[in-house]
2 protein chains.
Amino acid sequence: MAQTIDGRATLESVAREARVSRQTVSNALHRPQVLSPDTLVRVQRAIDALGYRPNRNAQSLRTGESRLIGLRVDPVPTLSGGVLDRFLHALAEGSREHGYQLLVFAPQSPDDELSGYRDLLTTMTVDAFVLTNTHQGDPRLGFLAERGTPVVSFGRPWGAEDDHHWVDVDGAAGTHQAVDHLVAQGHRRIAFLGWPTGSDVGDDRRAGWAAALRAHGLPAGPEATAAEALDLARAAALGLLTGSADRPTAVVCASDVLAVGVLHALHRLGLRAGADVAVTGFDDSPAASLSDPALSSVRQPLEQVAAEVVRVLGALLPRRPMPPPERPSGVLVEPTLVVRESSRARATEATDRPPAQHPTEENA
Amino acid sequence: MAQTIDGRATLESVAREARVSRQTVSNALHRPQVLSPDTLVRVQRAIDALGYRPNRNAQSLRTGESRLIGLRVDPVPTLSGGVLDRFLHALAEGSREHGYQLLVFAPQSPDDELSGYRDLLTTMTVDAFVLTNTHQGDPRLGFLAERGTPVVSFGRPWGAEDDHHWVDVDGAAGTHQAVDHLVAQGHRRIAFLGWPTGSDVGDDRRAGWAAALRAHGLPAGPEATAAEALDLARAAALGLLTGSADRPTAVVCASDVLAVGVLHALHRLGLRAGADVAVTGFDDSPAASLSDPALSSVRQPLEQVAAEVVRVLGALLPRRPMPPPERPSGVLVEPTLVVRESSRARATEATDRPPAQHPTEENA
DNA sequence: CGGGGTAGTTGGAAGGTTCCAATCGCTCAT
DNA sequence: ATGAGCGATTGGAACCTTCCAACTACCCCG
């Protein structure tokens, strides 16, 4: 029962306790099948008695793997409102299940973007990275690929020259769903409020809206763009709602901030959101359920994204049960529209049942 | 110039390159003053030439310190809307400046709350913890104190029996500021909407409101409570606003969700927020600037909190330049009210200047 | 000129683990 | 009976660093 002097059990002390060699204890942990059954239980008992847990630093030194996954957090929240929270938790949970831990780091020098990554690698602090917010020709991707570092990014390689492992949310499918939902509610003139052209994510969300209109045989509705700021969104929405004779009866937006801008514009015009003009947002940020009326919004399945990221990463990491895929793999997951008052016909009392294929807030 | 075969420089390889012993290279890194100037530059040159960075795992094994700080993230966002984002980033940045990294973990078994902490300690994965969301008699505090683990919590020990190092935001000062601001706007009947009694944080925010009323010689205004949910908040607010003959002209709230509930209630009653009844929230969540009208809210200085947490932790960590304080130290930082339309007299156009002592959104 | 002190530098050992090659004790086929 | 073959177990070495004690010049003082 006696532990080491400083109270910490080691392989050696367990071995003594169980009357076996060091190596046998190590085998009991990593390859139990090679031990005879009775030796195994004897070692197990010693491990339990001493409360032994392997020293991770010694393992890492010997094996050359830290079993830590690096995730960079940005100074300005790029994943808006609570998105990072959810993603982070799901990622931490997922990696733990694979025996890995999550190391969160902040960029150290804004001028040399890569130095932080290089440092964590050469000091052998982390084995792999999860990247978010990658853009076309992102230098991090080339840098890490060159070193053979396992990397999975949350976000597609939009450029043709980038190829790497990724998981992403199908934004186009999200806006497509929004249009489907609006069409089912009887809407025919469905506008789009997006970000200025040139952002991959924004263009994708717009494409889903456009494709859905075509699929339903509807004419391309009016559209406008605004940067991610409330006042700009409101101004753009005012233009959209007053620009032509036949006002759109619904507006699909590329973000919750833009959608809230539309709500404000409607309020200013004396129109009722939901009843007169339906609105949908994107991201299902906390603000969506707090707006008046509550905002229908496309919710990203971040838990699922994180699980997929960990799964793909797991195949790349050295502990792999099977060889890693030769070709970069991509996973696209489907978001879900959460329907609230802003897109229901009779908005204020919401006595009607929502369409069955879309979850309501209660069961989302 | 030649590096090790696998491309990774070690102390040994640097020593060969510089024609000195291993130990001298180590000294060059940790105690440069003991080396003769010319040896130092020779070693430095070799380090640069080989791109040497010390292997953190070997260091950790030898010294018994991992230089990793553990932070648990909760499954449900307890730090609401974007608060975690800001705190996390500031914490990561701060710890890096002290040579530490941040390890984020998710609880593994909800039944045994402590197992995750014990595991990270016995495997020597982390040296210290930052706790959030501690409550009276939190078992984690006793457990970690018993092992002598350095701990700093974001949150005061509300109970008399808990004593540990902590950093917290002075919530009472925040609501006090809100009242000051409202009084300066001419308000006299200032109500409070808080959480049900019994939450330490909530009671503290209420106390600040009550104290401020006394300080201004105003009678205790009406108050109500509601749990952190929009519909409950709205209902409570309706009661507050229609309950008595002389309606309050301002409502101070314990959270942004509660404050948005008040805004909804006002809208339903046909009253104009800001113009007829002023409202303030707490946390300055993203939803605050998106509400209509934009919500004045008390902003927690999370960057400052994180910096203080790291500073206090720094004194406890083994690398200390001075011995750690014998008595647990506490730091209380002041939040700041961000004034927006919901608490300005002429709300809709906002042509007036805000009071000088409170920052507006632009300079916040 | 010898001995004590000091600044600078050095090699051995240890920290806890896993990898590798070797050994031991058996069984089975020859 | 003996050696090949196999399952189970073992000790030595290595991973890279820091700690420790010792060593080498060298200067200064008596």
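We name chains A, B, ... by the order of the sequence lines, and we start the count at 1 in each one.
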Between B:R311 and B:E97, does any NZ, NE, NH1 or NH2 come within less than 4.0 Å of an OD or OE carboxylate oxygen?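 Judged by the 4.0 Å cut-off on N to carboxylate O distance, B:E97 and B:R311 do not form a salt bridge.
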
Whole angstrom value for the distance that separates [atom2] of [N] from [atom1] of [X]:
| X | N | atom1 | atom2 | result |
| --- | --- | --- | --- | --- |
| B:R8 | D:dA14 | CZ | C1' | 16 Å |
| A:R19 | D:dT9 | CZ | C1' | 17 Å |
| B:Q23 | C:dA14 | CD | C1' | 13 Å |
| A:Y52 | C:dT17 | OH | P | 3 Å |
| B:N55 | D:dA14 | CG | C1' | 13 Å |
| A:H30 | C:dC19 | NE2 | P | 8 Å |
| A:E65 | C:dG16 | CD | P | 21 Å |
| A:N27 | C:dT18 | CG | P | 9 Å |

So, does [X] get its side chain near the phosphate of [N], meaning an N or O under 4.0 Å from OP1 or OP2?
| X | N | result |
| --- | --- | --- |
| A:S36 | D:dT9 | yes |
| A:T24 | D:dT10 | yes |
| A:T39 | D:dT9 | yes |

Closest nucleotide among [options] to the [X] side chain:
| X | options | result |
| --- | --- | --- |
| A:L11 | C:dT17, D:dT17, D:dT10 | C:dT17 |
| B:L35 | D:dA13, C:dT9, D:dT18 | C:dT9 |
| B:T10 | D:dA13, D:dC16, C:dG15 | D:dC16 |

Would you say B:R147 has more than 12 foreign heavy atoms packed within less than 6.0 Å of its CZ?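 Above 12, so yes.
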
Let's test your reading of the model: under 3.5 Å, does the base of D:dT17 pair with the side chain of B:R62 as donor and acceptor?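 Under the 3.5 Å cut-off, the side chain and the base do not form any donor-acceptor pair.
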
For the pair B:D127 (side chain) and B:E65 (backbone), establish whether a donor and an acceptor sit closer than 3.5 Å, ignoring hydrogens and angles.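 Absent.
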
Of B:T123, B:D119, B:T125, which is the lone residue that meets side-chain hydrogen bond (donor to acceptor under 3.5 Å, both in side chains) with A:R53?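 Exactly one candidate clears the test, B:D119.
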
Let me spell it out: for each of A:R22 and A:D38, pick the nucleotide of DNA chain D with the closest heavy atom. Which residue's pick is nearer the 5' end?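 The residue whose closest nucleotide sits nearer the 5' end is A:D38.
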
Mind checking if B:Q59 touches a base, just sugar-phosphate, or nothing, with heavy atoms under 4.0 Å?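 Since only primed, P, OP1 and OP2 atoms lie under 4.0 Å of B:Q59, the category is sugar-phosphate.
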
Worked check of side chain to side chain donor-acceptor pair (under 3.5 Å) between B:Q300 and B:R86: CA-CA 10 Å; B:Q300 304 203 39; B:R86 285 171 56 209; over 6 Å; no

